[in-house]
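Here the structure is laid out as structure tokens; the discussion comes afterwards.
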There are 2 protein chains.
Amino acid sequence: MLPEERRLSILNAAKEMFAINGYHDTSISDIIKRADIARGTFYLYFKDKREIFDALFDQLLQKINESLMRVTIAPDQKPPLDQIAENLHRIFQLAMNDPELARILFRHAPGLDSITDQKIEGFYNKIASLVEGALVLGEKMNIVKKGDFKLISIFITGGVKEIMDRITRPENHMPQIDKIIKELIDFNLQGLASGTADIVQTQE
Amino acid sequence: MLPEERRLSILNAAKEMFAINGYHDTSISDIIKRADIARGTFYLYFKDKREIFDALFDQLLQKINESLMRVTIAPDQKPPLDQIAENLHRIFQLAMNDPELARILFRHAPGLDSITDQKIEGFYNKIASLVEGALVLGEKMNIVKKGDFKLISIFITGGVKEIMDRITRPENHMPQIDKIIKELIDFNLQGLASGTADIVQTQE
DNA sequence: AGATAATTAGACTGACATGTCAGTCTAATG
DNA sequence: CATTAGACTGACATGTCAGTCTAATTATCT
């Protein structure tokens, strides 16, 4: 087996084990057993369990990063809303294409250690600021009304995270991706309030 | 020291260590050092590290559970929106009162093991169904328009989670709780769309 | 084919965390 | 003063697992 093949097969075995048992409950022995290699072989390709986890994790973050485009206005660009829909489509699709890898991000990476936590935090901050940028742009274009965009972008990021978490579970009961995106965009734009009644009630 | 005091002081030491280093990177030795007790004493009060974690974790879940009330319509009840605002206020306040405990839920509990994951999943499912119930009620009252309430309630739950995560961080840069709640309710009701322009653009 | 290099197997070692248990200490009681 | 209850101690036995090492095997080159 070629070195590159071997490396990938080890990565894959580790990914499967992490997805099943989590990082801490996966031993090197588990990984080499699944990859069907000897103990020493593992150390020819990776320094330790942590390095193989980082390789998987960084690979996912990079893929998500690549699939998120900043929303801009330009003659050759589609309308902003379409750009947003396409962003959502790409990350949802990415997650569904490799649910095991995605579950590492949602279930097993948080709380691993402070370095990983910082990576995750920086990553979500980046996404939130991307959303915020889109909102600011929308306000400039007069299609989005004023608001605490920082707060709202955090809220939206959390919502999208939760949806992604759900669609990458083994028992995924969520609707089709396009259906989800339509519904989310509608909700985020129009809100919940029925147009027929004024329901804002202030207290005290 | 009275047994009950001792128990609490051990719980507290463990909580602090978990918050600092996480569950896996906290050893029994770390806990007893911080609690300033001997090794044997720990085992007089807890079976193992897992039992002390569960005690902390279950305590938090129960507190959150207690502070969430189902939104209902009744003569002696405040308006639904006020009930929702009060629910949000209670859980935000709860989290801020003991941020270390809250961070265990957000950072350290997920991915610990399948039992804990199930607890977390069931817990968030319950919250989401609570939100969903409120939306269904709102639709019956004609103040909420139709939509995929299951999906939207998941989205909202994720958003609230993310906000709670942020306000319980050591470096909390979020606005005041009441400000957050106002902004969230407004966003969820009215959405982002400026009233002055029709921005719905469908693609293809 | 024979020599040499690369790769692999898996037994082994050392570090470390857990949980136990025989014994100590303190304060209350007889 | 003697005894007892029970909270507390910490040395130690046990188990686990990461990472190393050597011998065997396989592949590559001359």
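FYI, side chains are in, hydrogens and waters are out, and symmetry mates aren't considered; it's all heavy atoms of this structure. So that the names make sense, note that chain A is the first sequence line, chain B the second, and so on, each numbered from 1.
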Quick one: salt bridge (charged side-chain N to carboxylate O under 4.0 Å, His left out) partners of Lys146(A), sequence neighbours excluded?
->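 Lys146(A) satisfies salt bridge (charged side-chain N to carboxylate O under 4.0 Å, His left out) with Glu139(A) once adjacent residues are dropped.
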
[X] has an atom [atom1]; how far is it from atom [atom2] of [N], in whole Å?
X        : N       : atom1 : atom2 : answer
Ile37(B) : dC25(C) : CD1   : P     : 19 Å
Phe46(A) : dT8(C)  : CZ    : P     : 13 Å
Asp36(B) : dA7(D)  : CG    : C1'   : 15 Å
Leu44(B) : dG10(D) : CG    : P     : 13 Å
Leu2(B)  : dG6(D)  : CG    : P     : 14 Å
Arg7(B)  : dC8(D)  : CZ    : P     : 14 Å
Arg6(A)  : dT26(D) : CZ    : P     : 13 Å

Should the pair Glu86(A)-Lys78(A) be classified as a salt bridge under the 4.0 Å nitrogen-to-oxygen rule?
->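 A salt bridge is present here (some side-chain N lies under 4.0 Å from a carboxylate O).
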
Of all residues at least two apart in sequence or in a different chain, which pass the side chain to side chain donor-acceptor pair (under 3.5 Å) check with [X]?
X         : result
Glu100(A) : none
Glu132(B) : none
Glu171(A) : none
Asp58(B)  : Lys119(B)

Table please: side-chain donor-acceptor pairs of residues 29-36 of chain A below 3.5 Å, with sequence neighbours left out.
from: Ser29(A); atom 1: OG; to: Arg39(A); atom 2: NH1; distance (Å): 3.2
from: Asp30(A); atom 1: OD2; to: Ser27(A); atom 2: N; distance (Å): 3.0
from: Asp30(A); atom 1: OD2; to: Ser27(A); atom 2: OG; distance (Å): 3.2
from: Arg34(A); atom 1: NH1; to: Glu16(A); atom 2: OE1; distance (Å): 2.4

Pairs where residues 128-185 of chain B contributes a residue and the test ring-ring contact (aromatic ring centres under 6.0 Å, His included) is met, not counting sequence neighbours |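 Residue pairs with at least one partner in residues 128-185 of chain B: Phe187(A)-Phe155(B).
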
For dA7(D), take OP1 and OP2 only and decide whether either is under 4.0 Å from a side-chain N or O of Tyr45(B).
->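 Looking at the OP1 and OP2 atoms of dA7(D), neither is under 4.0 Å from any side-chain N or O of Tyr45(B).
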
If we ignore angles and hydrogens, is there a donor and acceptor under 3.5 Å between the side chains of Arg90(A) and Asn87(A)?
->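 Yes - a donor-acceptor pair under 3.5 Å links their side chains.
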
Would you tabulate the pairs of protein nitrogen or oxygen atoms and nucleotide nitrogen or oxygen atoms of nucleotides 22-24 of chain D closer than 3.5 angstrom?
none

Take nucleotides 18-24 of chain C nucleotide by nucleotide from the 5' end and write B, S or -, depending on whether a protein heavy atom sits under 4.0 Å from the base, only from the sugar-phosphate, or from neither.
-> BBBB---

